[in-house]
Amino acid sequence: MIELIPQPKEYREDAGQSVCLAGRHIAVSLQCDVRIVAAAQELSKDLSRLSGKFVAVYQRPAKPGEIEITLSGGKEDDEAYELIAKQEIVRLSGKGMRGVYYAIVTLRQILDQQNGVTLPAFTLSDRPDFSNRVFYQDISRGRVPHVKTLKRLCDTLSMLKINSLQLYLEDAFPFLELDGEMHAGETLSAAQIMELDQYCWMHFVELVPSVSCFGHLYRLLQSKKYQYLCELEGYQPQNMYWIEKMAHHTINPSHPNARLTVFSMIDQTIGLCRSKKFNICCDETFDLGRGKNTGRDVGALYFDFVSQLVQHVQSAGKEVMMWGDIVLHHPEKIANLPTNITFLNWCYDPQVPVKDIDLFTRLGCKQYVCAGTSTWNRFIGNDACAAENICNMAKEGYRRGACGFMNTNWGDYGNICSLTGAMLEMAVGAEAGWNAETTHMDDAFDRSFSRQLFGVRNDNMADLMREISKLEEHVDWKRVVEWYNASYVRKDPHTARYFEADVKMCQAHIQACHKLYQTLENLGRGDKKINDLYVAVGGIEMLHTFALRQNGERSSVGKFDVEMWLDAMRRAWKDDSYAFGFEQIERFVQSLWSLPVSHDEVLQESTTV
């Protein structure tokens, strides 16, 4: 039996029959485009490597004995495909170009599982439950990835049959309005995004821009030039940068320049990608009506401004997407919006709000159901929460006619989690988006994950990542950041000046980290993904060691070399992303290590002051 992510829907073997692919050349039908030819060439490399025999790729009708790759008709984006592998015929066919591509991807995965070119004779037919399966990557809250990193992400998504990637460009693009506000390494240029778009197109991944157009405009509304457009009059930051950036910072929609400013930002990004989709966000505008618009009808303000944004985007021939959280508070006003909007209906908890999905369905609105990796504020995804959330959102959305499934990977508080740390939840999302009703979360999934994502056959990498994740349940990044912010930035008199934690649990988790180091060393830190997990374990030990220091456990002081860990994380970070985001993390961790190391010293410091 084959074991893949996502698992194909129908697979039948011919008992006792096998087929050898060694030396079989590949013939791509003339209807197929350059992307299919490129994918066929990758298949030929696999066959040549596994068999030791040269495999050529031709674009012409197939001859007897050749591997035939053909388009069987249908729409361009039809993803249904079929594989037939018998001694007399080997055919990969798809109803659309994307289906043909997925047929090739699936055969490559089967060859990898078999680790050879002799396969059981089989017939396979497959199609996804959701036609739109999206991975949403935050590149605005710490990590701004190199283009090469985003191309690797595209490769992974393509292999998992995830057909769209959205990039959150809150301030990670050099908008004219932010000229002089951004540091080097905080943005991706137009040329870089267009380069990525071409790469994604070649791999049948639709790249879609996602631009903050109403709320979440911190950098814009804190700039001297545009501060006057903030809903909150004369707002001055009172918290750490990460926390301020997560606050809502809503633009004042009643000012005529607000519309012109946001239109300009849209116009600078709307043509970067060949996709017809454009996400205007418009979520979490909770400041609206609490400042310059106090006393006004918040719903009317919101829907009027959003309508103008939608009309502007639609006038450029694009399909509008937007988060659905605010409109859910005003369902009676949804009819006031222009038509043909896709609402992104999000929830990141295991218990999903079925009533919200039902509401959009009842109103006849297009919607994607949006789950999350739960990697934010963590060194590795919280699979205990995320897996259930992802599977439930996909299942309930599919049952209620949602036209898409999105898996979000946010980067709150500096985006400390590497893409490797999100891979388990990424794979769960791929499985759930393809097989919403029958998501296969079992031992076969774990074996497929280990092989497809890590190239490991004899170790359960999914279980290893779950084990790492459990160690973040007591002391995590979010709790430490918010405690520090309350105690040392806001100087809240009601917040303890030392970080309270369960000493015995911290000690047990540190011991568990040491065992995990050995496991990862045995797997080989020379592998980038294994090293990412090693660094994540180090981050977890760092937090627990800090907690012990704060609780007077002097025996822990000096046992963890924080500078050595920071150096390891710096190197791993810079391999993936621009350095600026890490520099903020480095300064914060060093500030933690400069604090008094026990409750008694905190009291002594307070008395002295």
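Starting from 1, each residue takes its place in the sequence as its number. The figures that follow rest on heavy atoms only: side chains count, while hydrogens, waters and symmetry mates do not.
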Quiz item: Only one of Val313, Leu344, Val211, Val134 forms a side chain to side chain contact (heavy atoms under 4.5 Å, CB included) with Asn279, so which one is it?
Solution: Leu344

Exercise. Identify whether the distance between the nearest side-chain nitrogen and carboxylate oxygen of Arg378 and Asp476 falls below 4.0 Å.
Key: no

Quiz prompt | Option passing ring pair (Phe, Tyr, Trp, His ring centres under 6.0 Å) with His183 (candidates Tyr578, Phe580, Tyr241) | solution = Phe580

Quiz item: So which heavy atom on Lys366 is nearest to which on Cys403, and how close?
Solution: CB-SG, 4.2 Å

Exercise. Taking all heavy atoms of Asp412 and all of Met246, pick out the closest pair and write down the distance.
Key: OD2-CE, 3.2 Å

Quiz item: Would a line drawn from the ring center of Trp201 to the ring center of Tyr199 be shorter than 6.0 Å?
Solution: no

Quiz item: How many angstroms lie between atom CD1 of Ile540 and atom CD of Glu472, to the nearest 0.5 angstrom?
Solution: 4.0 Å

Quiz item: Looking only at atom types and distance, does a side-chain atom of Asn409 sit under 3.5 Å from a main-chain N or O of Thr373, one as donor and one as acceptor?
Solution: no

Exercise. Quick one: list whatever passes side-chain hydrogen bond (donor to acceptor under 3.5 Å, both in side chains) with Glu3, sequence neighbours left out.
Key: Arg447

Quiz prompt | Set of salt bridge (charged side-chain N to carboxylate O under 4.0 Å, His left out) partners for Glu195, sequence neighbours left out | solution = Lys151

Quiz item: Trp434 pairs by side chain to side chain contact (heavy atoms under 4.5 Å, CB included) with which of Ile5, Asp126, Ile162, Asp129?
Solution: Asp126

Practice problem: Take the angle between the ring planes of Trp242 and Trp477 and call it parallel below 30°, perpendicular above 60°, tilted in between. | Solution: tilted

Quiz item: Are Arg219 and Glu186 ion-paired here, with the side-chain N under 4.0 Å from a carboxylate O?
Solution: yes

Quiz item: Do the two ring centres, one from Tyr136 and one from Trp410, sit under 6.0 Å apart?
Solution: yes

Exercise. Could you pull out all residues at least two apart from Tyr413 that satisfy ring-ring contact (aromatic ring centres under 6.0 Å, His included)?
Key: none

Quiz item: According to the interplanar angle, ranging from 0 to 90°, do the rings of Phe173 and Phe175 count as parallel (below 30°), tilted (30 to 60°) or perpendicular (above 60°)?
Solution: perpendicular

Quiz item: Is it true that Arg127 and Asp78 make a salt bridge, defined as a side-chain N closer than 4.0 Å to a carboxylate O?
Solution: no

Quiz item: In terms of side-chain geometry, is the basic nitrogen of Asp576 or Arg571 positioned less than 4.0 Å from the acidic oxygen of its partner?
Solution: no

Quiz prompt | Lys/Arg N to Asp/Glu carboxylate O, Glu79 vs Arg98, below 4.0 Å | solution = yes

Quiz item: Can we say Arg152 and Asp155 salt-bridge, meaning some charged N sits less than 4.0 Å from an Asp/Glu carboxylate O?
Solution: no

Self-check item: Carboxylate-amine/guanidinium proximity below 4.0 Å for Asp46 and Arg49
Solution: yes

Quiz item: Are the side chain of Ser450 and the backbone N or O of Asp446 linked by a donor-acceptor pair below 3.5 Å?
Solution: yes

Self-check item: Stepwise side chain to side chain donor-acceptor pair (under 3.5 Å) test for Asp267 and His312
Solution: CA-CA 9 Å; Asp267 292 345; His312 184 73; 2.7 Å; yes

